[in-house]
Amino acid sequence: MADENAVEFIDSIPDGEGARRATELFAKTYGYQPAGVWDAPGRVNLIGEHTDYNAGLCLPIALPHRTFIALAPRQDAQARVVSSINPGSVATAELEGLEAGGVKGWAAYPVGVAWAMRQAELPVQGFDAAFVSCVPLGSGLSSSAAMTCSTALALDDVYSLGYGSSDEGRVTLISMAIASENDMAGASTGGLDQNASMRCQAGKALLLDCKPGLTPLENVSQQDFDLAARGLELLVVDTCAPHQLNDGQYAARRATCEQAAAKLGVENLRQVADTIAASAGDDPSARRQGLQEALDRLPDPVEVKRVRHVVTEIWRVTDFVRAFAAGDMAESGRLFNASHDSLRDDYQVTVPELDLAVDTAREEGAYGARMTGGGFGGSIIALVDAGRSREIAQKIADRFARKGFNQPRALAAVAAKPAERVA
Ligand code: GLA
(Lines give C-alpha, C1' and ligand atoms only; values in the text may rest on other atoms or scores of the structure.)
Protein backbone atom coordinates (compact mmCIF):
# COMPACT_ATOMS: atom_id res chain seq x y z
CA MET A 1 0.00 0.00 0.00
CA ALA A 2 1.31 3.39 -0.96
CA ASP A 3 0.66 4.94 2.46
CA GLU A 4 2.22 2.19 4.52
CA ASN A 5 5.29 2.58 2.43
CA ALA A 6 5.38 6.41 2.61
CA VAL A 7 8.98 7.33 3.13
CA GLU A 8 9.79 9.09 6.40
CA PHE A 9 11.86 12.26 6.31
CA ILE A 10 13.88 12.69 9.50
CA ASP A 11 13.57 16.24 10.81
CA SER A 12 16.36 17.99 12.59
CA ILE A 13 15.77 19.30 16.13
CA PRO A 14 16.12 23.11 16.40
CA ASP A 15 18.80 24.29 18.86
CA GLY A 16 16.36 25.63 21.47
CA GLU A 17 14.33 22.45 21.48
CA GLY A 18 17.44 20.23 21.63
CA ALA A 19 18.83 22.27 24.53
CA ARG A 20 15.53 22.05 26.36
CA ARG A 21 15.23 18.30 25.93
CA ALA A 22 18.84 17.59 26.92
CA THR A 23 18.51 19.83 29.99
CA GLU A 24 15.29 18.10 30.99
CA LEU A 25 16.83 14.63 30.66
CA PHE A 26 19.87 15.79 32.64
CA ALA A 27 17.82 17.28 35.48
CA LYS A 28 15.53 14.26 35.66
CA THR A 29 18.44 11.84 35.72
CA TYR A 30 20.86 13.58 38.08
CA GLY A 31 18.58 15.83 40.12
CA TYR A 32 20.39 19.11 39.38
CA GLN A 33 20.90 21.54 36.47
CA PRO A 34 23.68 21.13 33.85
CA ALA A 35 26.40 23.76 33.37
CA GLY A 36 25.35 24.16 29.73
CA VAL A 37 24.32 22.45 26.51
CA TRP A 38 26.53 21.92 23.45
CA ASP A 39 25.83 20.26 20.15
CA ALA A 40 27.71 18.75 17.23
CA PRO A 41 26.43 17.75 13.79
CA GLY A 42 26.45 14.55 11.79
CA ARG A 43 27.88 14.86 8.30
CA VAL A 44 27.62 13.70 4.74
CA ASN A 45 30.73 13.44 2.68
CA LEU A 46 30.08 14.85 -0.81
CA ILE A 47 33.02 13.05 -2.39
CA GLY A 48 36.43 11.65 -1.41
CA GLU A 49 35.57 8.33 0.22
CA HIS A 50 38.15 6.11 1.90
CA THR A 51 40.72 8.74 1.09
CA ASP A 52 41.25 10.27 4.56
CA TYR A 53 43.43 7.43 5.89
CA ASN A 54 45.34 7.50 2.61
CA ALA A 55 46.44 11.11 3.23
CA GLY A 56 43.99 12.19 0.53
CA LEU A 57 41.23 14.76 0.08
CA CYS A 58 37.58 14.71 1.11
CA LEU A 59 34.68 17.15 0.99
CA PRO A 60 32.10 16.86 3.78
CA ILE A 61 29.26 19.14 4.82
CA ALA A 62 27.79 19.29 8.33
CA LEU A 63 24.16 18.23 8.62
CA PRO A 64 21.43 20.20 10.37
CA HIS A 65 20.94 16.95 12.31
CA ARG A 66 22.81 17.22 15.59
CA THR A 67 23.61 15.57 18.90
CA PHE A 68 22.94 17.68 22.00
CA ILE A 69 24.82 17.15 25.24
CA ALA A 70 23.84 18.70 28.58
CA LEU A 71 26.87 18.41 30.85
CA ALA A 72 28.20 19.40 34.25
CA PRO A 73 31.71 18.88 35.62
CA ARG A 74 32.25 16.81 38.78
CA GLN A 75 34.72 17.19 41.64
CA ASP A 76 35.72 13.52 41.43
CA ALA A 77 36.85 11.40 38.46
CA GLN A 78 33.56 9.66 37.83
CA ALA A 79 31.76 9.89 34.48
CA ARG A 80 28.05 9.25 34.19
CA VAL A 81 26.20 9.29 30.86
CA VAL A 82 22.59 8.81 29.83
CA SER A 83 20.86 9.02 26.46
CA SER A 84 17.25 9.72 25.48
CA ILE A 85 17.28 6.42 23.60
CA ASN A 86 17.29 4.59 26.93
CA PRO A 87 16.57 7.25 29.56
CA GLY A 88 16.30 4.80 32.44
CA SER A 89 19.82 3.50 32.10
CA VAL A 90 22.81 5.50 33.35
CA ALA A 91 26.29 4.20 32.49
CA THR A 92 29.04 4.97 34.99
CA ALA A 93 32.81 4.83 34.60
CA GLU A 94 35.77 5.74 36.79
CA LEU A 95 38.33 7.79 34.86
CA GLU A 96 41.12 7.24 37.39
CA GLY A 97 43.12 4.22 36.25
CA LEU A 98 40.93 3.70 33.17
CA GLU A 99 42.68 1.90 30.32
CA ALA A 100 42.09 1.79 26.56
CA GLY A 101 39.09 -0.40 25.80
CA GLY A 102 38.03 -0.28 29.46
CA VAL A 103 34.47 0.97 28.81
CA LYS A 104 32.04 -1.11 26.76
CA GLY A 105 28.95 -0.11 24.78
CA TRP A 106 27.98 3.39 23.63
CA ALA A 107 29.35 5.00 26.82
CA ALA A 108 32.87 4.30 25.48
CA TYR A 109 32.46 7.21 23.04
CA PRO A 110 31.86 10.07 25.49
CA VAL A 111 33.89 8.58 28.35
CA GLY A 112 36.74 7.94 25.92
CA VAL A 113 36.96 11.66 25.16
CA ALA A 114 37.61 12.51 28.83
CA TRP A 115 40.02 9.58 29.01
CA ALA A 116 41.93 10.84 25.92
CA MET A 117 42.13 14.34 27.40
CA ARG A 118 43.54 12.98 30.64
CA GLN A 119 46.02 10.83 28.69
CA ALA A 120 47.15 14.08 27.08
CA GLU A 121 47.54 15.51 30.60
CA LEU A 122 44.77 18.05 30.21
CA PRO A 123 43.15 19.05 33.53
CA VAL A 124 39.88 17.15 33.12
CA GLN A 125 37.91 15.57 35.97
CA GLY A 126 34.67 13.62 35.88
CA PHE A 127 31.34 14.73 34.43
CA ASP A 128 27.63 13.99 34.26
CA ALA A 129 26.08 14.14 30.79
CA ALA A 130 22.75 13.62 29.05
CA PHE A 131 22.44 13.14 25.27
CA VAL A 132 19.57 13.84 22.89
CA SER A 133 20.20 13.28 19.18
CA CYS A 134 18.49 13.38 15.81
CA VAL A 135 21.47 12.05 13.88
CA PRO A 136 20.25 8.65 12.73
CA LEU A 137 22.34 5.90 14.31
CA GLY A 138 24.28 3.42 12.22
CA SER A 139 23.44 5.26 9.02
CA GLY A 140 26.89 6.29 7.89
CA LEU A 141 26.09 9.88 8.92
CA SER A 142 28.63 10.03 11.77
CA SER A 143 26.46 9.79 14.83
CA SER A 144 29.64 8.67 16.65
CA ALA A 145 31.57 11.79 15.70
CA ALA A 146 28.57 13.93 16.68
CA MET A 147 28.75 12.31 20.11
CA THR A 148 32.53 12.50 20.62
CA CYS A 149 32.82 16.03 19.22
CA SER A 150 29.94 17.42 21.29
CA THR A 151 31.52 15.84 24.37
CA ALA A 152 34.95 17.25 23.53
CA LEU A 153 33.54 20.75 23.13
CA ALA A 154 31.55 20.53 26.36
CA LEU A 155 34.54 19.29 28.40
CA ASP A 156 36.76 21.93 26.80
CA ASP A 157 34.33 24.58 27.94
CA VAL A 158 33.59 23.43 31.50
CA TYR A 159 37.25 22.69 32.22
CA SER A 160 38.36 25.98 30.57
CA LEU A 161 40.84 24.29 28.24
CA GLY A 162 40.39 27.01 25.62
CA TYR A 163 40.60 24.88 22.49
CA GLY A 164 37.01 25.17 21.29
CA SER A 165 37.12 28.84 20.35
CA SER A 166 39.62 28.65 17.48
CA ASP A 167 39.93 26.45 14.42
CA GLU A 168 43.46 25.52 15.44
CA GLY A 169 42.27 24.58 18.94
CA ARG A 170 39.49 22.50 17.51
CA VAL A 171 42.08 20.36 15.76
CA THR A 172 43.32 19.36 19.23
CA LEU A 173 39.76 18.47 20.29
CA ILE A 174 39.37 16.46 17.08
CA SER A 175 42.39 14.38 18.03
CA MET A 176 40.72 13.61 21.38
CA ALA A 177 37.52 12.55 19.61
CA ILE A 178 39.48 10.32 17.24
CA ALA A 179 41.46 8.78 20.12
CA SER A 180 38.21 7.99 21.91
CA GLU A 181 36.73 6.26 18.88
CA ASN A 182 39.90 4.37 17.97
CA ASP A 183 41.25 3.44 21.37
CA MET A 184 38.29 3.36 23.77
CA ALA A 185 35.43 2.33 21.46
CA GLY A 186 37.68 0.24 19.19
CA ALA A 187 36.19 1.81 16.06
CA SER A 188 38.72 2.60 13.37
CA THR A 189 38.21 6.04 11.83
CA GLY A 190 40.34 8.27 9.67
CA GLY A 191 39.43 11.82 10.77
CA LEU A 192 36.97 12.88 8.09
CA ASP A 193 33.94 12.69 10.39
CA GLN A 194 35.41 14.58 13.35
CA ASN A 195 36.87 17.33 11.16
CA ALA A 196 33.48 17.73 9.50
CA SER A 197 31.63 17.95 12.80
CA MET A 198 34.04 20.49 14.30
CA ARG A 199 35.13 22.58 11.31
CA CYS A 200 32.39 22.73 8.64
CA GLN A 201 30.60 26.04 8.21
CA ALA A 202 27.01 26.84 7.23
CA GLY A 203 26.64 27.14 3.47
CA LYS A 204 30.10 25.67 2.85
CA ALA A 205 31.66 22.33 2.07
CA LEU A 206 34.93 21.62 3.84
CA LEU A 207 37.75 20.69 1.49
CA LEU A 208 39.88 18.66 3.87
CA ASP A 209 43.43 17.71 3.00
CA CYS A 210 44.59 14.77 5.13
CA LYS A 211 48.25 14.96 4.11
CA PRO A 212 50.34 14.59 7.29
CA GLY A 213 52.25 17.59 8.53
CA LEU A 214 49.89 20.31 7.30
CA THR A 215 48.93 23.06 9.74
CA PRO A 216 45.24 23.66 10.53
CA LEU A 217 45.41 26.70 8.24
CA GLU A 218 46.76 24.63 5.40
CA ASN A 219 44.58 21.55 5.65
CA VAL A 220 41.12 23.00 5.09
CA SER A 221 39.53 25.39 2.68
CA GLN A 222 35.89 26.41 2.85
CA GLN A 223 34.08 25.98 -0.49
CA ASP A 224 30.77 27.66 -1.28
CA PHE A 225 28.01 25.08 -1.24
CA ASP A 226 24.74 26.91 -1.61
CA LEU A 227 22.47 24.41 -3.32
CA ALA A 228 19.32 26.51 -3.09
CA ALA A 229 21.00 29.29 -5.07
CA ARG A 230 21.55 26.76 -7.84
CA GLY A 231 17.99 25.39 -7.70
CA LEU A 232 19.21 22.09 -6.29
CA GLU A 233 18.76 19.83 -3.28
CA LEU A 234 20.87 17.12 -1.73
CA LEU A 235 18.75 14.13 -0.88
CA VAL A 236 20.09 11.70 1.70
CA VAL A 237 18.55 8.24 1.87
CA ASP A 238 19.46 5.96 4.75
CA THR A 239 19.09 2.46 3.33
CA CYS A 240 18.59 0.95 6.81
CA ALA A 241 20.40 -2.08 5.42
CA PRO A 242 21.21 -4.61 8.13
CA HIS A 243 24.67 -4.20 9.60
CA GLN A 244 27.45 -6.13 8.00
CA LEU A 245 30.85 -7.04 9.34
CA ASN A 246 32.02 -3.54 8.63
CA ASP A 247 34.66 -3.19 11.33
CA GLY A 248 36.80 -5.98 9.96
CA GLN A 249 36.21 -4.85 6.40
CA TYR A 250 37.23 -1.25 7.09
CA ALA A 251 40.42 -2.38 8.77
CA ALA A 252 41.11 -4.76 5.90
CA ARG A 253 40.78 -1.93 3.35
CA ARG A 254 43.19 0.21 5.33
CA ALA A 255 45.70 -2.61 5.64
CA THR A 256 45.60 -3.34 1.90
CA CYS A 257 46.22 0.33 1.10
CA GLU A 258 49.19 0.43 3.46
CA GLN A 259 50.67 -2.74 1.97
CA ALA A 260 50.23 -1.44 -1.56
CA ALA A 261 51.86 1.89 -0.66
CA ALA A 262 54.84 0.02 0.79
CA LYS A 263 55.19 -2.06 -2.39
CA LEU A 264 55.10 1.12 -4.47
CA GLY A 265 57.79 2.64 -2.27
CA VAL A 266 55.68 5.57 -1.02
CA GLU A 267 54.49 6.58 2.43
CA ASN A 268 50.86 6.77 1.38
CA LEU A 269 48.67 6.53 -1.72
CA ARG A 270 48.29 10.30 -1.88
CA GLN A 271 51.87 10.42 -3.07
CA VAL A 272 50.94 8.19 -6.01
CA ALA A 273 48.03 10.47 -6.94
CA ASP A 274 50.15 13.62 -6.65
CA THR A 275 53.14 12.26 -8.55
CA ILE A 276 51.02 11.20 -11.50
CA ALA A 277 49.01 14.44 -11.49
CA ALA A 278 52.22 16.49 -11.38
CA SER A 279 53.50 14.96 -14.61
CA ALA A 280 50.20 14.31 -16.42
CA GLY A 281 48.51 17.60 -15.52
CA ASP A 282 44.77 17.63 -16.23
CA ASP A 283 45.04 15.37 -19.27
CA PRO A 284 42.80 12.37 -18.47
CA SER A 285 44.52 9.94 -20.81
CA ALA A 286 47.98 10.83 -19.49
CA ARG A 287 46.66 10.34 -15.95
CA ARG A 288 45.17 6.98 -16.86
CA GLN A 289 48.46 5.92 -18.40
CA GLY A 290 50.45 7.07 -15.36
CA LEU A 291 48.07 5.19 -13.09
CA GLN A 292 48.30 2.05 -15.19
CA GLU A 293 52.09 2.13 -14.94
CA ALA A 294 51.84 2.28 -11.13
CA LEU A 295 49.22 -0.48 -11.03
CA ASP A 296 51.38 -2.70 -13.23
CA ARG A 297 53.92 -2.75 -10.39
CA LEU A 298 51.41 -4.37 -8.04
CA PRO A 299 51.29 -8.16 -8.16
CA ASP A 300 48.00 -8.60 -6.33
CA PRO A 301 44.77 -7.91 -8.30
CA VAL A 302 42.96 -6.86 -5.11
CA GLU A 303 45.62 -4.24 -4.40
CA VAL A 304 45.27 -3.00 -7.98
CA LYS A 305 41.55 -2.37 -7.47
CA ARG A 306 41.97 -0.69 -4.10
CA VAL A 307 44.74 1.61 -5.31
CA ARG A 308 42.81 2.49 -8.47
CA HIS A 309 39.87 3.59 -6.33
CA VAL A 310 41.92 5.69 -3.92
CA VAL A 311 43.98 7.47 -6.56
CA THR A 312 41.06 8.26 -8.88
CA GLU A 313 38.88 9.28 -5.92
CA ILE A 314 41.48 11.81 -4.76
CA TRP A 315 41.49 13.29 -8.27
CA ARG A 316 37.69 13.34 -8.34
CA VAL A 317 37.58 15.57 -5.25
CA THR A 318 39.51 18.38 -6.95
CA ASP A 319 37.58 17.81 -10.17
CA PHE A 320 34.28 18.06 -8.28
CA VAL A 321 35.27 21.24 -6.46
CA ARG A 322 36.17 22.82 -9.79
CA ALA A 323 33.03 21.62 -11.61
CA PHE A 324 30.68 22.68 -8.82
CA ALA A 325 32.27 26.12 -8.52
CA ALA A 326 31.86 26.56 -12.27
CA GLY A 327 28.17 25.65 -12.01
CA ASP A 328 28.65 22.52 -14.13
CA MET A 329 26.09 20.20 -12.57
CA ALA A 330 26.30 17.60 -15.31
CA GLU A 331 30.00 17.13 -14.58
CA SER A 332 29.47 17.33 -10.81
CA GLY A 333 26.86 14.59 -11.09
CA ARG A 334 29.07 12.50 -13.34
CA LEU A 335 31.79 12.63 -10.70
CA PHE A 336 29.32 11.50 -7.99
CA ASN A 337 28.42 8.57 -10.22
CA ALA A 338 32.03 7.70 -10.99
CA SER A 339 32.81 7.77 -7.26
CA HIS A 340 30.01 5.33 -6.47
CA ASP A 341 30.91 3.00 -9.31
CA SER A 342 34.51 2.93 -8.12
CA LEU A 343 33.41 2.19 -4.53
CA ARG A 344 31.19 -0.61 -5.85
CA ASP A 345 33.57 -2.22 -8.34
CA ASP A 346 37.08 -1.45 -7.10
CA TYR A 347 36.81 -0.72 -3.39
CA GLN A 348 33.93 -3.17 -2.98
CA VAL A 349 32.27 -1.49 -0.01
CA THR A 350 28.71 -1.18 -1.33
CA VAL A 351 25.79 -3.54 -0.64
CA PRO A 352 22.74 -4.25 -2.86
CA GLU A 353 20.65 -1.67 -0.98
CA LEU A 354 23.18 1.11 -1.69
CA ASP A 355 23.44 0.14 -5.35
CA LEU A 356 19.68 -0.04 -5.83
CA ALA A 357 19.12 3.32 -4.14
CA VAL A 358 21.80 4.92 -6.32
CA ASP A 359 20.51 3.33 -9.53
CA THR A 360 16.96 4.43 -8.76
CA ALA A 361 17.99 8.02 -8.01
CA ARG A 362 19.88 8.16 -11.29
CA GLU A 363 16.97 6.71 -13.27
CA GLU A 364 14.65 9.24 -11.66
CA GLY A 365 16.72 12.14 -12.93
CA ALA A 366 19.33 12.87 -10.25
CA TYR A 367 22.39 14.65 -11.66
CA GLY A 368 24.42 12.06 -9.81
CA ALA A 369 24.15 9.73 -6.83
CA ARG A 370 26.61 7.86 -4.65
CA MET A 371 27.01 6.11 -1.34
CA THR A 372 28.44 8.30 1.42
CA GLY A 373 30.54 7.29 4.42
CA GLY A 374 32.26 3.99 5.02
CA GLY A 375 29.80 1.75 3.16
CA PHE A 376 28.61 -1.80 3.98
CA GLY A 377 25.17 -0.28 4.54
CA GLY A 378 24.43 3.30 5.50
CA SER A 379 23.31 6.13 3.26
CA ILE A 380 23.38 7.47 -0.26
CA ILE A 381 23.32 11.07 -1.44
CA ALA A 382 21.76 12.34 -4.66
CA LEU A 383 22.06 15.74 -6.28
CA VAL A 384 18.57 16.58 -7.51
CA ASP A 385 16.52 19.55 -8.74
CA ALA A 386 14.87 21.52 -5.93
CA GLY A 387 11.51 20.08 -4.98
CA ARG A 388 12.20 16.55 -6.23
CA SER A 389 13.67 14.92 -3.10
CA ARG A 390 10.45 13.48 -1.72
CA GLU A 391 9.36 11.95 -5.00
CA ILE A 392 12.74 10.33 -5.64
CA ALA A 393 13.01 9.06 -2.06
CA GLN A 394 9.56 7.50 -2.47
CA LYS A 395 10.61 5.73 -5.68
CA ILE A 396 13.55 4.28 -3.78
CA ALA A 397 11.27 3.15 -0.95
CA ASP A 398 8.88 1.52 -3.45
CA ARG A 399 11.68 -0.40 -5.09
CA PHE A 400 13.01 -1.47 -1.69
CA ALA A 401 9.56 -2.78 -0.75
CA ARG A 402 9.38 -4.82 -3.94
CA LYS A 403 12.79 -6.31 -3.23
CA GLY A 404 11.94 -7.12 0.39
CA PHE A 405 14.64 -4.73 1.69
CA ASN A 406 14.15 -2.80 4.95
CA GLN A 407 12.17 0.40 4.59
CA PRO A 408 14.60 3.30 3.98
CA ARG A 409 14.25 6.77 5.46
CA ALA A 410 15.39 10.10 4.15
CA LEU A 411 16.50 13.56 5.09
CA ALA A 412 17.21 16.82 3.34
CA ALA A 413 20.81 17.92 3.69
CA VAL A 414 21.86 21.55 3.71
CA ALA A 415 25.36 22.61 4.66
CA ALA A 416 25.00 23.46 8.35
CA LYS A 417 27.12 24.95 11.14
CA PRO A 418 29.79 23.17 13.19
CA ALA A 419 29.74 22.05 16.86
CA GLU A 420 28.94 24.90 19.24
CA ARG A 421 27.49 25.82 22.62
CA VAL A 422 23.72 26.26 22.45
CA ALA A 423 22.72 26.99 26.05
C1 GLA B 1 34.13 6.22 7.91
C2 GLA B 1 35.37 6.68 8.67
C3 GLA B 1 35.99 7.89 7.98
C4 GLA B 1 36.23 7.62 6.50
C5 GLA B 1 34.98 7.07 5.85
C6 GLA B 1 35.19 6.66 4.42
O7 GLA B 1 33.14 7.20 7.98
O8 GLA B 1 35.04 7.01 10.01
O9 GLA B 1 37.18 8.24 8.63
O10 GLA B 1 37.32 6.76 6.32
O11 GLA B 1 34.48 5.96 6.57
O12 GLA B 1 35.47 7.77 3.62
Side-chain angles (χ1 to χ4, degrees), residues 43-61 139-142 190 192-193 196 205-210 223 225 227 232 234-239 249-250 253 257 269-270 272-273 276-277 282 284 287-288 291 304-326 328-363 366-384 392 396 413 415:
R43 61 99 189 91
V44 289
N45 191 22
L46 297 174
I47 196 160
E49 220 65 84
H50 289 278
T51 50
D52 59 352
Y53 55 82
N54 286 300
L57 302 169
C58 30
L59 189 71
I61 59 169
S139 305
L141 302 175
S142 290
L192 154 69
D193 314 334
L206 184 84
L207 176 57
L208 176 68
D209 189 332
C210 302
Q223 304 287 322
F225 195 68
L227 290 173
L232 296 171
L234 190 69
L235 167 66
V236 180
V237 178
D238 171 10
T239 63
Q249 293 284 357
Y250 186 89
R253 296 298 181 284
C257 290
L269 295 180
R270 170 67 174 283
V272 179
I276 298 168
D282 285 337
R287 282 191 179 195
R288 263 198 306 276
L291 177 56
V304 167
K305 282 169 174 267
R306 304 297 188 251
V307 173
R308 188 163 54 210
H309 166 72
V310 172
V311 170
T312 57
E313 185 76 357
I314 291 170
W315 292 339
R316 278 187 288 272
V317 177
T318 15
D319 290 350
F320 179 88
V321 167
R322 200 181 305 139
F324 191 86
D328 187 343
M329 290 312 128
E331 177 64 2
S332 302
R334 190 194 68 75
L335 289 159
F336 265 28
N337 290 342
S339 169
H340 182 85
D341 296 352
S342 174
L343 288 156
R344 180 191 61 212
D345 300 335
D346 277 345
Y347 221 61
Q348 298 180 298
V349 293
T350 70
V351 292
E353 286 88 340
L354 288 168
D355 294 332
L356 182 63
V358 158
D359 290 345
T360 308
R362 290 177 188 170
E363 283 164 30
Y367 292 89
R370 58 180 295 276
M371 58 154 272
T372 187
F376 304 107
S379 298
I380 69 135
I381 52 175
L383 194 57
V384 305
I392 294 175
I396 294 172

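Qualifying side-chain hydrogen bond (donor to acceptor under 3.5 Å, both in side chains) partners for Asn337, counting only residues two or more places apart in sequence or in other chains: Arg362. In terms of the side-chain hydrogen bond (donor to acceptor under 3.5 Å, both in side chains) criterion, residue partners of Arg334 (sequence neighbours excluded) are, by chain and number, Glu331. Legend: residues meeting salt bridge (charged side-chain N to carboxylate O under 4.0 Å, His left out) with Glu49, ordered by chain and number and at least two apart, are Arg370. Listed by chain and number, the residues in a side-chain contact (heavy atoms from CB on, under 4.5 Å) with Ser342 are His309, Thr312, Arg316, Asp346 (sequence neighbours excluded). Here Asp282 pairs with Arg287 under the side-chain hydrogen bond (donor to acceptor under 3.5 Å, both in side chains) rule; sequence neighbours left out.
In this structure a side-chain-to-backbone donor-acceptor pair under 3.5 Å is present from Asn45 to Leu59. In this structure, Ser339 contributes its side chain and Leu335 its backbone to no donor-acceptor pair below 3.5 Å. At distances below 3.5 Å, not a single donor-acceptor pair connects side-chain atoms of Arg253 with backbone N or O atoms of His50.
In this structure, Pro60 and Leu192 have side chains that are in contact, with non-hydrogen atoms separated by less than 4.5 Å. At least one side-chain heavy atom of Val44 sits under 4.5 Å from a side-chain heavy atom of Leu234. With contacts defined as side-chain heavy-atom distances shorter than 4.5 Å, the pair Trp315/Leu291 qualifies. Counting heavy atoms from C-beta outward, Glu313 and Ile47 have side chains that approach closer than 4.5 Å. Using a 4.5 Å heavy-atom threshold, the side chains of Thr318 and Leu57 count as touching. Residues Leu227 and Leu383 are in side-chain contact: their nearest non-hydrogen atoms beyond the backbone lie under 4.5 Å apart. Annotation: side chain of Thr350 is in contact with side chain of His340 (closest heavy-atom distance under 4.5 Å). Put simply, the side chain of Val358 does not reach to within 4.5 Å of the side chain of Leu354, judged on heavy atoms.
Nearest heavy-atom pair across Phe225 and Ala205 is CB-N, 3.6 Å. Annotation for Arg43 and Ala196: closest pair CB-CB, 3.7 Å, computed over non-hydrogen atoms. Scanning both residues, Ile314 and Gly56, for their nearest heavy atoms gives CD1-CA, 3.8 Å. The minimum heavy-atom distance linking Ile392 with Ala361 is given by the pair CG2-CA, 3.9 Å. Closest approach of Ala413 and Val236 over heavy atoms only: CB-CG2, 3.7 Å.
Asp52 CG to Asp193 CG: the interatomic distance, rounded to the nearest 0.5 Å, is 7.0 Å. Of the inter-residue distances, the one linking Phe336 atom CZ with Phe324 atom CZ reads 8.5 Å to the nearest 0.5 angstrom. With values rounded to the nearest 0.5 angstrom, Tyr347 atom OH is found 13.0 Å from Lys305 atom NZ.
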message: Assess the residue pair Leu269 and Val307 against the criterion (side-chain contact (heavy atoms from CB on, under 4.5 Å)); give the C-alpha distance rounded to whole Å, side-chain angles, the decisive distance to 0.1 Å, and a yes or no.
response: CA-CA 7 Å; Leu269 295 180; Val307 173; 4.1 Å; yes
Side-chain donor-acceptor pairs of residues 374-381 under 3.5 Å, sequence neighbours excluded:
unit_1	atom_1	unit_2	atom_2	d
Ser379	OG	Ser139	O	2.7

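Test Val310, Val311, Asp209, Thr51 against Arg270 for side chain to side chain contact (heavy atoms under 4.5 Å, CB included) and you get one pass: Asp209.
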